[in-house]
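Structure, as structure tokens:
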Amino acid sequence: MLCFSLCSQMDRYQRVEKPRAETPIDENEIRITSQGRMRSYISYAMSLLQEKGADEIVFKAMGRAINKTVTIVELIKRRIVGLHQITSIGSTDITDTWEPLEEGLLPLETTRHVSMITITLSKKELDTASVG
């Protein structure tokens, strides 16, 4: 019953897209999204490691894209034998702002706790003291 009243309340609001602070992405960093195609990520990573001579690549993902990221990394490790891996996990809070669609309602802010993963694959041996 709570969801029904809350869901009908949220129909009166629309989420405001905030401009993201664009952090520069390194050439060897791949940010995985839930919309992107796995084949594209794998072929780009393979080209970095084999053709462009990158010694390591870093995969980053949040939320629902984490499963896809782990699958991509495992497929790459099967194709290129001898890669070293370090995995780190964490989380972050994302605040969404909602603007009312009707007069008399106040703007809302909701906070989501989102999981993150960073997987580094390297041709060279990585820090053996690292937990991941």
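Heavy-atom basis, side chains included; hydrogens, waters and symmetry copies ignored.
Criterion: ILVMFWY side-chain heavy atoms under 4.5 Å apart, direct or through other members. Under it, Ile32 and Val114 are not part of a common hydrophobic cluster. Note on Ile119 and Met116: separate hydrophobic clusters, where clusters join Ile, Leu, Val, Met, Phe, Trp and Tyr whose side-chain heavy atoms are under 4.5 Å apart, directly or indirectly. Hydrophobic clustering of Ile, Leu, Val, Met, Phe, Trp and Tyr side chains at less than 4.5 Å, counting indirect connections, unites Leu83 with Ile30. Residues Ile66 and Ile76 are members of one and the same hydrophobic cluster, defined by side-chain heavy-atom contacts under 4.5 angstrom among Ile, Leu, Val, Met, Phe, Trp and Tyr. Connection of Leu75 to Ile86 is not established within any shared hydrophobic cluster, with ILVMFWY side chains joined at heavy-atom distances below 4.5 Å, either directly or through further cluster members.
In this structure, the side chain of Lys123 engages the main chain of Leu49 through a donor-acceptor pair within 3.5 Å. At distances below 3.5 Å, at least one donor-acceptor pair connects side-chain atoms of Lys68 with backbone N or O atoms of Ser34. In this structure, the side chain of Asp96 does not engage the main chain of Thr110 through any donor-acceptor pair within 3.5 Å. Side chain of Tyr13 to backbone of Leu106: a donor-acceptor contact under 3.5 angstrom is found.
Atom NZ of Lys77 is separated from atom CG of Leu121 by 7.0 Å, given to the nearest 0.5 angstrom. In this structure, the separation between CD on Glu56 and CG on Asp26 is 9.5 Å, given to the nearest 0.5 Å. Taking CZ of Arg12 as the start and CG of Leu101 as the end, the distance is 10.5 Å to the nearest 0.5 Å. Atom OG1 of Thr97 is separated from atom CD of Glu109 by 4.5 Å, given to the nearest 0.5 angstrom. Residue Leu48 holds its CG atom at 11.5 Å from CD of Glu29, rounded to the nearest 0.5 Å. With rounding to the nearest 0.5 angstrom, the CG atom of Leu105 is 11.0 Å from the CD atom of Glu99.
Heavy atoms from other residues, nucleotides or ligands lying under 6.0 Å from CD1 of Ile89 number 12 at most.
Taking each heavy atom of Pro24 and Arg31 in turn, the nearest pair found is O-NH2, 4.3 Å.
Shown here are the salt bridge (charged side-chain N to carboxylate O under 4.0 Å, His left out) partners of Lys124, two or more places apart in sequence or in another chain: Asp55.
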Can you give the donor-acceptor pairs under 3.5 Å from side chains of residues 36-44 to other protein atoms, not counting sequence neighbours?
residue: Tyr41; atom: OH; partner: Thr33; partner atom: N; Å: 3.1
residue: Tyr41; atom: OH; partner: Thr33; partner atom: OG1; Å: 3.1
residue: Ser43; atom: OG; partner: Arg39; partner atom: O; Å: 3.0
residue: Ser43; atom: OG; partner: Ser40; partner atom: O; Å: 3.1
residue: Tyr44; atom: OH; partner: Glu27; partner atom: O; Å: 3.3

Please determine whether side-chain contact (heavy atoms from CB on, under 4.5 Å) holds for the pair Glu74 and Gln85, giving the CA-CA distance in whole Å, both sets of side-chain angles, and the decisive distance to 0.1 Å. CA-CA 10 Å; Glu74 291 302 320; Gln85 174 180 343; 4.3 Å; yes
